[in-house]
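Worksheet: the structure to be examined is printed underneath.
Predicted, not measured: the structure shown is a model, and the values here were computed from it. Numbering of ligands and ligand atoms starts at 1, following listing order.
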Amino acid sequence: MSPFAAQEVNEGPMVQELRRVLGRLETALSAISDALVITDDQGLVIWCNQSFDRFINQPRMLSLGRPILPLLPRDHQGEPLLAAHVIATASRLPGSTTVLLQRQPLQACEIEWRPVDSEEPAPVIFCIRDISSRISNQELRATAERIEQQRQNSDRLNRELQQQQLALANLVRECSVTGLPNRRGLRERLDLALEQLSQRDGLLGVLFCDLDHFKDVNDMHGHQVGDALLIEISKRLQESLPADATVSRLGGDEFVVLTGRIRDGSEALAIARKLQQRIGEPWLMHGHHFTPSMSVGIAVTDDPAAEAEELLRRADVAMYHAKRSRNESIALHDTSIEARFSASRRVHQELRRAILNQNLSLAYQPIVSIQDHAARCNSHESDSASGDGRILGHEALVRLRPEQGLPIDSEQLILEAERTGMVLELGSWVINEGLRQLQPHPQRPDHWSLAINISPLQLEQSGFAGGLLQKIEAMAIDPRRLVLELTETRILKDTKTGIEALASLRDHGVRVHLDDFGTGYASYSWLARLPIDGIKIDREFTAALGRDSRRERMTSSMIRLGLDLGLEVVAEGIETEQQRLALQAMGCCLGQGHLFGRPGELP
Ligand code: C2E
Ligand code: MG
Ligand code: MG
């Protein structure tokens, strides 16, 4: 679908006008004879015009989202557009080159490229112009012959180089840091182990081991300490392995263990646990104490015809699952893990597309007063705005309309966005859209506020607070109407920058709420350290009211503590009148949940 195609949702006149303008622009760009392509920073086609379709003789649907290089016709020099792309993305400088295409008759093209500096990472615009008519036939032939000669020379050089590289690579089967077999050595061992499966009973287990936070060790203590840790890990792994197992270092902080003959998956799990235990023992280096840990993914097979690469991929997928799991750091590959992996890949792709095509929206859920007198409640609202059941604001919740398949769960979406860093682009879209709603509007009472969820990654970005405050000022928004919800479960890493950003935003009147309060590992510690205005008690506690007396008492004490600290206290996930009454009796002032309204459009 064209990124400029009309959407079927209700859109404001500004958005409709924008779409019309974009539609006209696309028609104009499609009408020109130069082929135009835009790729992302990875070289994937984001957009192209009709002349490009004609140039490569393929409809646009088949080009979008694909790497640009294989789409292009070959030329005498090999792959000039890739070179152009690499130059453009690496140096971020515009440039141009002329190429001759292997077509009948010979065709000369001029390729210009220009990164879009206003975006980060920068997409690249390519313009391909047919300049054959500018060059005489004689010139064309002479150039073609010269290029052919160059190609033959460079082919010979390449072949020689390849032979030298091969000879060298054959010698190197060991990792230079740990002395363990490297990727090449591992492949040989794995092929051999698979072959041996046909000669004897039992299974082969592949354990993909990945150290946790190894990058932090390198960043904080330098590569020398990092290398020493890798040597220590390889020693510990070797010491704790059964006699017929082998260990290799795949690269970085990844090690692969081949188990030798085992009975079943549980035996592989037992080996993994033993390795983990040994790895987890404290390690002292240059006066620093380290407690290494690692995640392990396992794949087992009894099939001698199994593909080595596929087996490694499965173990890697299981490791990825273990790494993301809250309670288990070892996982045995199975169909459910594979399904979850594909689901998260789908979320990733949809998110990427949605950000590119701006195919996102916000749903707004009301936040209401659940006390008769909100003034008693540390609420920043005046008495006139308070009163049981009154809507005091909304929370903006991001929604993504997938291009294919079922809707995407927003919690999963945010997890993936945070994992990949795309939450920065997503979050900035959410802020811009949210701020638009906060601009003076006849239907919104003065006390109306909007809560926007932000990720710690955004807060830790340098210039986040300054940028947001600038926007607020430029849009003439009252900063007290903006609430930032910071999720307590995804803890700030670079605490200092985050806390400074929060403090600066609060100094200017923006309010900050600690979201999902009570579910994190360090709720009370954050309460003491973060400059905040309120807490949002997680829906897990609301759901437990009337069912779980222990949690009910915890809820009551969280509310009391919040009020004692002079904070606004909001309870989320209120679905029943009983829950509302219980929270009201506990003194909670503000509530949100299906009882008052589901996320939807703003009134
Ligand atoms: P949250 O901030 O705690 O948002 C409240 C979630 O509870 C929303 O889920 C909402 O639809 C759901 N909810 C509201 N009332 C009820 C109820 O009565 N019962 C139950 N069972 N659920 C209720 P949603 O929209 O799926 O969002 C999930 C989470 O995703 C949010 O939790 C928030 O952490 C994150 N999120 C959503 N939008 C954004 C965003 O724009 N940026 C960031 N960084 N995170 C976001
Ligand atoms: Mg929230
Ligand atoms: Mg919440």
So which N/O/S atom does [X] have closest to the Mg ion (ligand 3)?
X: Asp515; value: OD1
X: Asp516; value: OD1
X: Glu572; value: OE1

Side chain, backbone, both or neither: which applies to [X] and ligand 1 if a contact is any heavy-atom pair less than 4.0 Å apart?
X: Arg399; result: side chain
X: Lys536; result: neither
X: Ile414; result: side chain
X: Asp538; result: neither

(Q) At a threshold of 2.8 Å, where the distance has to be below it, does the Mg ion (ligand 2) have an N, O or S atom of Asn453 nearby? (A) yes
Q | Result of checking Glu568, Glu395, His513 against Lys536 for side chain to side chain donor-acceptor pair (under 3.5 Å) | A | Glu395
Does the N or O separation between [X] and ligand 1 drop below 3.5 Å for any pair?
X: Glu395; value: yes
X: Glu411; value: no
X: Val398; value: yes
X: Gln365; value: yes
X: Gln458; value: no
X: Gln592; value: no

Answer yes or no: is there a side-chain heavy-atom contact under 4.5 Å between [X] and [Y]?
X: Met586; Y: Leu545; result: yes
X: Ile499; Y: Leu530; result: yes
X: His508; Y: Ile472; result: no
X: Leu527; Y: Leu567; result: yes
X: Val569; Y: Phe517; result: no

To the nearest 0.5 Å, how far apart are [atom1] in [X] and [atom2] in [Y]?
X: Cys209; Y: Asp253; atom1: SG; atom2: CG; result: 11.0 Å
X: Leu22; Y: Thr27; atom1: CG; atom2: OG1; result: 10.5 Å
X: Ile337; Y: Leu332; atom1: CD1; atom2: CG; result: 7.0 Å

With heavy-atom distances below 4.0 Å as the criterion, list the atoms of ligand 1 near [X].
X: Asp516; answer: 3 (O)
X: Glu485; answer: 2 (O)
X: Glu575; answer: 17 (C), 18 (O), 19 (N), 20 (C), 21 (N)
X: Glu572; answer: 3 (O)
X: Pro599; answer: 11 (O)

(Q) Tell me the nearest of Leu486, Ile408, Asp515 to atom 1 (P) of ligand 1, using heavy-atom distances. (A)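 That would be Asp515.
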Q) Of all N/O/S atoms in Glu485, which lies nearest to the Mg ion (ligand 2)? A) OE1
Q. Tell me, which N, O or S atom in Glu395 is closest to the Mg ion (ligand 2)?
A. OE2
Indicate the atoms forming the closest heavy-atom contact of [X] with [Y], along with that distance.
X: Thr39; Y: Ile46; value: C-CD1, 3.5 Å
X: Asn359; Y: Arg401; value: ND2-O, 3.2 Å
X: Arg314; Y: His333; value: O-CD2, 3.4 Å

Q) Does ligand 1 have an atom under 4.0 Å from some heavy atom of Gly573? A)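 Yes, that is the case, since the closest heavy atom of the residue is under 4.0 Å from the ligand.
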Q. Got a salt bridge between Arg313 and Glu338, using NZ or NE/NH1/NH2 to carboxylate O under 4.0 Å?
A.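 Looking at Glu338 together with Arg313, the answer is yes, because their closest N to O distance falls below 4.0 Å.
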Q) Taking the six-membered ring for Trp, are Phe290 and His221 parallel (under 30°), tilted (30 to 60°) or perpendicular (over 60°)? A) perpendicular
